[in-house]
Amino acid sequence: MDQPLAERMLRAFLTQMIRTEAVDPDDIQDAADRLERDGDIEAAHAMRCLIVEANAPEQSEWLADRARARFHAIDGGKADD
């Protein structure tokens, strides 16, 4: 992994805080705006990505939804012998 441990931990923590609504996405947006004003475009972009990541379904949820979509109900009845 190319990110330092502290950065990975902070991303995971903030993403979880957004998911549980402990942190308002508007506050993340405000922090990103502040970073952008200070000239740190990369950090501002990363902050905004947290909002998208927090609102995306977990991969396991996405895979389960995809699998459920492949199931189709079959009109039942007795089989002809």
Not counting sequence neighbours, which residues clear side chain to side chain contact (heavy atoms under 4.5 Å, CB included) with Met9? List them please.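 With sequence neighbours excluded, Met9 shows a side chain to side chain contact (heavy atoms under 4.5 Å, CB included) to Leu5, given in chain and number order.
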Does [X] have any salt bridge (Lys or Arg N to Asp or Glu O under 4.0 Å) partners at least two apart in sequence or in another chain, and if so, which?
X	value
Asp40	none
Glu53	Arg11
Arg70	none

Per the side-chain hydrogen bond (donor to acceptor under 3.5 Å, both in side chains) rule, what does the pair list look like for residues 12-24, sequence neighbours excluded?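 Checked against side-chain hydrogen bond (donor to acceptor under 3.5 Å, both in side chains) - neighbours excluded - the pairs reaching residues 12-24 are Arg19-Glu58.
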Can you list the other members of the hydrophobic cluster that holds Val23, where links are side-chain heavy atoms under 4.5 angstrom apart?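 Same cluster as Val23: Leu10, Phe13, Leu14, Met17, Ile18, Ile28, Leu35, Met47, Leu50, Ile51.
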Can you give me the closest heavy-atom contact between Ala32 and Ala44, atom names plus distance?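 Residues Ala32 and Ala44, closest heavy atoms: O-CB, 3.3 Å.
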With Asp33 via side-chain hydrogen bond (donor to acceptor under 3.5 Å, both in side chains) - residues at least two apart: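 Listed in chain order: Gln29, Arg48.
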